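Remarks on the structure that follows.
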Amino acid sequence: MAATDIARQVGEGCRTVPLAGHVGFDSLPDQLVNKSVSQGFCFNILCVGETGLGKSTLMDTLFNTKFEGEPATHTQPGVQLRSNTYDLQESNVGLKLTIVSTVGFGDQINKEDSYKPIVEFIDAQFEAYLQEELKIRRVLHTYHDSRIHACLYFIAPTGHSLKSLDLVTMKKLDSKVNIIPIIAKSDAISKSELTKFKIKITSELVSNGVQIYQFPTDDESVAEINGTMNAHLPFAVIGSTEELKIGNKMMKARQYPWGTVQVENEAHCDFVKLREMLIRVNMEDLREQTHTRHYELYRRCKLEEMGFKDTDPDSKPFSLQETYEAKRNEFLGELQKKEEEMRQMFVQRVKEKEAELKEAEKELHEKFDCLKKLHQDEKKKLEDKKKSLDDEVNAFKQRKTAAELLQSQGSQAGGSQTLKRDKEKKNLGFL
């Protein structure tokens, strides 16, 4: 019997039985709380928005501290994501907070691909967690989870409508992260304009199919407040770390020539609402939604790309081992097929190369024979010419010898005649 069938039968055979006395497993929630507190928590926030909308100031205001960071300029050649992690302690609870900011977002002339680095960063965090999860020896309890739990999308207070860049970016991100839209520096427009702006933003998000994070209402303890806060989205916020004396209290506020804007005054802005929903009420739900919804979607798509499925073509459940074996056999079959194709291609290329070499060898032989024949013809011509020259030399030598012989004979004949004349003269002299 398959292991899945056994597990299904065990689940179906569960019965409820009464206890005769106190056992003690009602302390499990306390055990879980103590363990969680000792291990600490992590929370990762992605701040998306144009340069100068007060992202860093709002983070400082939200967590009532001063995070170190370099101010961004409007001269960035592209969008860069800058991540900083901080260890915070409140009472006996530790929080490892990671703040990721989008440096240079919206500063380029061509903003068509501004969302891509953000999407790639979020996917990279999912991939890192998936790789850790798929290891044989996993250490998830000590692994620093860098997946983005909340995306605060800062909207410029134009008072008109969302920019196309905002709509495109939020549409690309809504299936990967919990988006909470906020109107930054909301004190830049009047209250009436702000109300109309909120309605306009909500309408555009709905008409473009952008899914923003909705505070959960399935838990009775927070259903009422979350339902009320969902109606206030997007939050209009103001950030300030400067404290001013208002009445008898020091309060975070912004001083203007026309008056003072109090950050924590709900009549002035929605900062308190944002802090309540993001940190004090729904932080754990944001972490859970990231894992159970967005990460699971990424994980499912990745495993399906790798060939893993939950059911076979007959809608019967697949075990991981069966899926692995099927995928392994498929991979080995494809490997053998590619190996055979490569072998045949190699043999074909060898044959082609051999044919080319034989053709080249034939051409070389023909060229050699031609040169050899030409050499022999030239040699024969030279030999004939040499023979002709030798004959001419011999004939010349013969003529020379004959001439010399004639000359010597002539000189001898001339000498005898001279002696004869001299003798005749002498004889005449005696007479």
Side-chain angles (χ1 to χ4, degrees), residues 29-30 32-37 39-49 54-55 57-65 67 86-100 145 147-155 170 173-174 176-184 186 198 201-202 205 210-240 251-252 262-295:
D30 296 331
L32 182 61
V33 168
N34 294 334
K35 184 177 180 180
S36 298
V37 169
Q39 290 179 348
F41 302 88
C42 72
F43 193 67
N44 307 319
I45 300 177
L46 171 64
C47 298
V48 181
K55 299 186 291 293
T57 303
L58 184 64
M59 290 297 102
D60 294 345
T61 311
L62 269 175
F63 292 94
N64 200 20
T65 186
F67 297 115
Y86 309 93
D87 286 321
L88 306 181
Q89 188 78 22
E90 188 175 37
S91 299
N92 64 333
V93 179
L95 177 67
K96 187 181 289 292
L97 176 68
T98 299
I99 299 175
V100 183
D145 186 4
R147 296 173 296 176
I148 301 299
H149 300 124
C151 171
L152 297 182
Y153 197 95
F154 288 71
I155 300 171
M170 282 193 276
L173 297 180
D174 64 356
K176 298 178 180 293
V177 70
N178 302 311
I179 300 177
I180 302 176
I182 58 177
I183 302 172
S186 60
K198 281 189 174 185
I201 290 173
T202 304
L205 292 176
V210 178
Q211 300 292 325
I212 63 173
Y213 174 73
Q214 294 291 320
F215 304 117
T217 56
D218 50 354
D219 186 353
E220 294 181 359
S221 61
V222 294
E224 184 177 355
I225 184 172
N226 281 347
T228 304
M229 290 299 109
N230 282 329
H232 284 83
L233 289 172
F235 293 134
V237 298
I238 302 166
S240 175
M251 304 181 68
K252 288 184 175 63
Q262 300 174 27
V263 173
E264 296 181 337
N265 188 335
E266 294 191 47
H268 293 179
C269 69
D270 297 331
F271 173 80
V272 174
K273 296 182 178 68
L274 174 64
R275 184 178 60 191
E276 289 289 325
M277 292 296 99
L278 179 66
I279 301 175
R280 301 182 180 180
V281 179
N282 297 301
M283 179 179 279
E284 181 56 31
D285 184 73
L286 287 164
R287 286 158 42 91
E288 182 181 348
Q289 285 291 319
T290 298
H291 183 77
T292 59
R293 180 186 170 196
H294 301 297
Y295 170 69

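Each residue takes its place number in the sequence, starting with 1. These numbers come from the heavy atoms of this one structure, side chains and all, not from hydrogens, waters or symmetry mates. Owing to the predicted nature of the structure, the values given are computational and were not obtained by experimental measurement.
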Kindly determine whether Phe271 and Asn265 satisfy side chain to side chain contact (heavy atoms under 4.5 Å, CB included), including the steps that lead there. CA-CA 8 Å; Phe271 173 80; Asn265 188 335; over 6 Å; no
Run the numbers on Ile183 and Ile201 for side chain to side chain contact (heavy atoms under 4.5 Å, CB included), then give the verdict. CA-CA 10 Å; Ile183 302 172; Ile201 290 173; 3.9 Å; yes
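- Of all heavy-atom pairs between Leu286 and Asn178, the closest is O-ND2, 3.2 Å.
- Residues Thr61 and Arg275 form no side-chain contact, since every pair of their non-hydrogen atoms from C-beta on lies 4.5 Å or further apart.
- Within the 3.5 Å criterion, the main-chain N or O of Val37 finds no donor-acceptor partner in the side chain of Asn92.
- Between the side chain of Asp270 and the main chain of Ala236, a donor-acceptor pair closer than 3.5 Å is present.
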What's the verdict on side chain to side chain contact (heavy atoms under 4.5 Å, CB included) for Phe215 and Ile225, showing C-alpha distance, side-chain angles and the deciding distance? CA-CA 9 Å; Phe215 304 117; Ile225 184 172; over 6 Å; no
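- Phe43 places a side-chain heavy atom less than 4.5 Å from the side chain of Leu278.
- Ion pair Arg287/Glu284 flagged as a salt bridge, since at least one NZ, NE, NH1 or NH2 atom sits closer than 4.0 Å to an Asp/Glu carboxylate oxygen.
- The line from NZ of Lys176 to OH of Tyr295 is 13.5 Å long, rounded to the nearest 0.5 Å.
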Pair Ser186-Val237, side chain to side chain contact (heavy atoms under 4.5 Å, CB included): steps then yes or no: CA-CA 6 Å; Ser186 60; Val237 298; 5.6 Å; no
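- The closest side-chain heavy-atom distance from Asp285 to Asp219 is not below 4.5 Å.
- A salt bridge does not link Lys252 to Glu264: none of the charged side-chain nitrogens sits closer than 4.0 Å to a carboxylate oxygen.
- The salt bridge (Lys or Arg N to Asp or Glu O under 4.0 Å) analysis of residues 221-230, with sequence neighbours excluded, yields no pairs.
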